[in-house]
There are 2 protein chains.
Amino acid sequence: MTADTATDTVLQSRSQTAKRVSIVEAAARVFCSEGFAGANIDVIAAEAGVSRQTVYNHHGDKETLFIAVVREITDRANARFFETLDSFPDRPQNLHAELVEFALRLTRNCICNRDSKFLRKMILMEGSRYPALFRHWREEGPGRVSSALAARFARLALTGFLELDDPDVAARQFFALINADLHVSTMLGDNPGEEQLRISADNAVKTFLRAFGQQPRSGLSA
Amino acid sequence: MTADTATDTVLQSRSQTAKRVSIVEAAARVFCSEGFAGANIDVIAAEAGVSRQTVYNHHGDKETLFIAVVREITDRANARFFETLDSFPDRPQNLHAELVEFALRLTRNCICNRDSKFLRKMILMEGSRYPALFRHWREEGPGRVSSALAARFARLALTGFLELDDPDVAARQFFALINADLHVSTMLGDNPGEEQLRISADNAVKTFLRAFGQQPRSGLSA
DNA sequence: GACGTTTTGGACAAGACTGTCTAAATTCTT
DNA sequence: AAGAATTTAGACAGTCTTGTCCAAAACGTC
């Protein structure tokens, strides 16, 4: 009964939603490379394969579009973050190797991908102009991810794999170390190769474990 | 003879150079908060306390002005960096405490100050548009600073204060750790308080020394 | 195939900005 | 204090951009 009309209303005409996402993707690309002020609606429309009027129909105006894009990308990036976090090695056979793999997933999915770059740029440039928008990013994103990672580390400490004073600090430092070698090149827009990523993750984990690693108590491994 | 005219030509009229730097400072502020595209020459002129025509007289056009500003700030920031590096504790009495102080100077002078923020923003946003400009930044700045810091760490390793596989990696990681707690808030433009800076530096050094610290061989201390 | 909705393309007004020009005012040098 | 150079304010042309409007075309649904 209402089901049909309801889903129709929600799903819209399929190509309508297709256009919607295509606009958001295009807008993200353009905002990212030109900045908010430098972004041009005509260019966004062209890149989305859509007429300018359609952009205005869907999103009202430049600022509204910008906000929609940031929201969307924020949510997607956060989802990705937690998804990646789920692959944390809670019961490692080989802590070093498994942490390196985890670090690699983190850099690939959450630091070097397009969404993350977009967010870094936009937060840095427009963060102070839209406090609410970016407070949301901070609290739902880095804030929660950091606590979640801290909890995983705390668990490893309990099992005797790590020796930690403060799991929250350790989590933040883990992120920092992962970024240490990549920071400069990602700022200039380079995309580090697989090789480079691996070396970098390995360096990070090596240092992290030098600082916090420990042999697990034997009884608990299996 | 020529001395007079020469110095005249170089020094210019004193207020002329005063205006020049005032324009550059104002431009830096405006570019920083609005981005290149969003920056408005009239605003820059007003903020420099100068007429628009004067801006054009001195710097020709917006892009030329931008390049001049980036160059100037890059050089200043680099100079500051090396100056700060000179206070590295080569013969520490108390390695932990002295590294913390050094880290604090580094965060204050080279990470949280206005010039550094400007450069981070501009490199992130316009880095790919002006490769030469920012290659210069990278090679003369982070690149050389990192090696220089690595050399200092290597020395501490020789004296037995540290145990290092690769001083270059250690240097990059030291920077990363120093930034670990500050990264998110500086992205949003917050200015961490003195308290926060100290805690953050202390966390960084604690972890760094857990990973690389060592009691120095007794013979070498005095 | 008819009907309602969405999309298109192009025209358009309004505003903003860059960069130039000029004549008058101010400042520097001597 | 005179002469040279710099600075100013304002006007101005030209361009670009945003956001609106509209009639025709395309699309999706029944």
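Residue numbers start from 1 in every chain, and the chains themselves are labelled A, B, ... in the order their sequence lines are given, proteins ahead of strands. Values reported hereafter were calculated over all heavy atoms of this structure, with side chains retained and with hydrogens, waters and symmetry mates removed.
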N/O (side chain, [X]) to phosphate O (OP1/OP2, [N]) under 4.0 Å:
X	N	result
B:Thr54	D:dT6	no
A:His58	C:dT6	no
A:Lys19	C:dT8	yes

Once base and sugar-phosphate atoms are separated, protein heavy atoms under 4.0 Å mark nucleotides 14-21 of chain D, 5' to 3', with B, S and - as ---SBBBB

Find out whether [X] and [Y] are in side-chain contact, i.e. whether some heavy atom of one side chain is under 4.5 Å from a heavy atom of the other.
X	Y	result
A:Arg114	A:Phe118	no
B:Arg71	B:Arg76	no
B:Asn113	B:Arg80	yes
B:Val70	B:Phe134	yes

How close or far is atom [atom2] of [N] from atom [atom1] of [X], stated in whole angstroms?
X	N	atom1	atom2	value
B:Asn57	C:dT20	CG	C1'	11 Å
B:His59	C:dT18	NE2	P	16 Å
B:Ile44	C:dG19	CD1	C1'	14 Å

Sequence neighbours excluded - side chain to side chain donor-acceptor pair (under 3.5 Å) pairs with any residue from residues 178-189 of chain B | A:Arg172-B:Asp181, B:Asp181-B:Asn203

List, with names and distances, any nitrogen or oxygen atoms from the protein found under 3.5 Å away from nitrogen or oxygen atoms belonging to nucleotides 23-25 of chain C.
none

Should B:Cys112 and B:Leu197 be marked as a side-chain contact (heavy atoms from CB on, under 4.5 Å) after you check the CA-CA gap, both sets of side-chain angles, and the distance that decides it?
-> CA-CA 10 Å; B:Cys112 289; B:Leu197 287 183; 4.2 Å; yes

Sub-6.0 Å ring centroid separation between A:Phe88 and A:Phe153 = yes

With ring centroids as reference points, do A:Phe31 and A:Phe66 lie under 6.0 angstrom apart?
-> yes

